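Encoded as C-alpha cells, the structure appears first; notes follow it.
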Amino acid sequence: MPPSTSELTAPSPPVRTLRVAALQMVSTPRVEENLRTAAALMSEAVAQGAELLALPEYFAIMGMSDRDKVRVREHVGHGPIQDFLAASAREHGVWLIGGSLPLWADSPDKVLNSSLVYDPHGQCVARYDKIHLFGFRQGAEAYDESATIEAGREPVAFSMPFGRVGLSICYDLRFPELYRALGVTELLVIPAAFTETTGRAHWEILLRARAIENQCYVLAVAQGGRHENGRETHGNSMLIDPWGTIVDRKLKGRGVVIGDLDQGRLAETRASLPALRHRVM
C-alpha cells in the first residue's frame, strides 16, 4: 500500500519545465477496451514529449449501471487496472496519474473512487480517495454517487522534481477549501466526468478560478462524449496557467491536451500579484 502522508518527497533534482498531458476519453462498460484506448493515448502523448500523464475519472469503466464499478473493484496494490497503470508508467518512464478507479471500501456494496499516482519506475507513490460525492437532480437527470461510493477523508498532494502536485476528482472542484488545505502547489490535477449539463454551465469557470486563486497550473482531464449508458459527459479537458489562461484544450471525443509548465511563469505570477502571501484567513 502506498504511503498515506499528504506529501511524498522525490529525490530527483528540481526541474524548470515539465511537459504534461491530459488524456481525454469516452469510456465504455468494458475494462479491457478502455485500457487499450488509454494505452494508445499514452503512446501519442509520450511521442509528443509528455513527462506527466493524467487519465480521466472512471477511465477504466463507465458502466451501464452504477453497480458495474463495484463488480470490478480492486484491492489496493492488486488487480488488472493497477497492474496496467504501473506497467505503463514504467514502460514510458513517466509520472502517471490514473484518473480514478474503483477500490474496495469498508462498505461491502461500495467502492472508493481513487486516484493513484505512479512514478517513472512504476511505483505507486500517492493515493487520493474522492472526498466530495456528486449529487444532482434536474428533471429526468439524476445522480447520487453516495449510493455506490464511500467518501474519502484526507486531502493529498505529492512532490516530484517540478514541485508539489495536488490531487482532486471531479465534484471536488466546487469546494475551494479543499485546495487551500493542500497548501501551495505548482500543479493541480483534476480528473473528471462532469455531466454535459453542469459542465456547460460551470466547468471552465471553476477550473480557471482554481488556477487563479491558487496561482498554479491546473491540468483538467475529462470524459468527453456520449457513453453507451446514455450519459453525456462534457469533455473540454484543458491545461490552464497560473494567470488563468488556457494553454490547450480538447472539447469532445478522445484526444490529448498537452503543454509545458514553467517555473518562471509561476514565479512571475506570484511576484507580480503576491496573493498567496496576502492571505489572512
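The structure displayed is predicted, hence computed values, not measured ones.
Comment: D129 does not engage R153 in a salt bridge, judged by the lack of any side-chain N to carboxylate O separation of less than 4.0 angstrom. Between E33 and R36 no salt bridge is recorded (no basic side-chain N to carboxylate O distance below 4.0 Å). The residues R19 and E51 are annotated as not salt-bridged, no charged nitrogen and carboxylate oxygen being separated by less than 4.0 angstrom. Between R270 and E186 there is a salt bridge, with a side-chain nitrogen of the basic residue lying less than 4.0 Å from a carboxylate oxygen of the acidic one.
Remark: side-chain polar atoms of Q123 are not paired, donor with acceptor, to backbone N or O of D119 under 3.5 angstrom. Of the possible donor and acceptor atoms, one in the side chain of T28 sits under 3.5 Å from a partner among the backbone N and O of R30. T269 contributes no side-chain N or O that, together with a main-chain N or O of W243, makes up a donor-acceptor pair within less than 3.5 Å. Judged purely by atom type and a 3.5 angstrom limit, N229 uses its side chain to pair as donor or acceptor with the backbone of G63. In this structure, the side chain of K252 does not engage the main chain of R226 through any donor-acceptor pair within 3.5 Å.
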Solution key, residues 101-109 side-chain donor-acceptor pairs under 3.5 Å, sequence neighbours excluded:
| unit_1 | atom_1 | unit_2 | atom_2 | d |
| --- | --- | --- | --- | --- |
| S107 | OG | E150 | OE1 | 3.2 |

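A side-chain donor from one of K69 and T148 sits under 3.5 Å from a side-chain acceptor of the other. Using modelled atom types and a 3.5 Å distance limit, the side chains of S168 and Y179 yield a donor-acceptor pair. For the residue pair T197 / E141, a side-chain donor-acceptor distance below 3.5 Å is found, with atom types taken as modelled. At a cut-off of 3.5 Å, with distance as the only test, no side-chain donor of N113 or Y171 sits close to an acceptor on the other residue. A donor atom on one side chain and an acceptor atom on the other are found under 3.5 Å apart for Q24 and S237. Under 3.5 Å, the side chains of D262 and T17 contain no donor-acceptor pair of N or O atoms.
The two residues A157 and R164 have their closest heavy-atom pair at CB-NH2, 3.3 Å. Across all their heavy atoms, E74 and Q82 have their closest contact at OE1-NE2, 2.9 Å.
One hydrophobic cluster, built from ILVMFWY side chains closer than 4.5 Å, cannot hold both F134 and I190; they sit in different ones. One hydrophobic cluster holds both F162 and V117 under the rule that ILVMFWY side chains link at heavy-atom gaps under 4.5 Å.
Residues V70 and R67 form a side-chain contact, since some pair of their non-hydrogen atoms from C-beta on lies under 4.5 Å apart. With contacts defined as side-chain heavy-atom distances shorter than 4.5 Å, the pair Y128/S114 does not qualify. Using a 4.5 Å heavy-atom threshold, the side chains of V94 and Y118 count as separate.
In this structure, S88 OG and L96 CG are separated by 6.5 Å, a value rounded to the nearest 0.5 Å. To the nearest 0.5 Å, atom NZ of residue K130 and atom CG of residue L112 are 12.0 Å apart. In this structure, CE in M62 is found 11.5 Å from CG in D68, a value given to the nearest 0.5 Å. Within the model, atoms CZ of R249 and CG of L239 stand 11.5 Å from one another, a figure rounded to the nearest 0.5 Å. One distance of note links CG of L55 with CE of M42; it measures 4.5 Å at 0.5 Å rounding. Atom CG in N214 sits 11.5 Å away from atom CG in L187 (nearest 0.5 Å).
By the ring-ring contact (aromatic ring centres under 6.0 Å, His included) test, F194 is found to be paired with W203, residues two or more places apart in sequence or in another chain being considered. Here H227 pairs with nothing under the ring-ring contact (aromatic ring centres under 6.0 Å, His included) rule; sequence neighbours left out. Every side-chain contact (heavy atoms from CB on, under 4.5 Å) that R279 has, sequence neighbours left out, goes to R180, V184, L276. Looking at residues two or more places apart in sequence or on another chain, you find no ring-ring contact (aromatic ring centres under 6.0 Å, His included) involving F84. Residues passing the side-chain contact (heavy atoms from CB on, under 4.5 Å) test with V256, sequence neighbours excluded: A21, L23, L41, E44, A45, Q48, I258.
Using a 30° and 60° split on the angle between ring planes, H132 and F175 fall in the parallel class, below 30°.
Annotation: E32, atom CD; neighbour count of heavy atoms from other residues, nucleotides and ligands within 6.0 Å does not exceed 12.
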Review point. Step by step, would you call S115 with I97 a side-chain contact (heavy atoms from CB on, under 4.5 Å)?
Key: CA-CA 7 Å; S115 188; I97 299 174; 3.6 Å; yes
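With F59 as reference, I81 is the one residue of I81, N34, V221 to meet the side chain to side chain contact (heavy atoms under 4.5 Å, CB included) rule.
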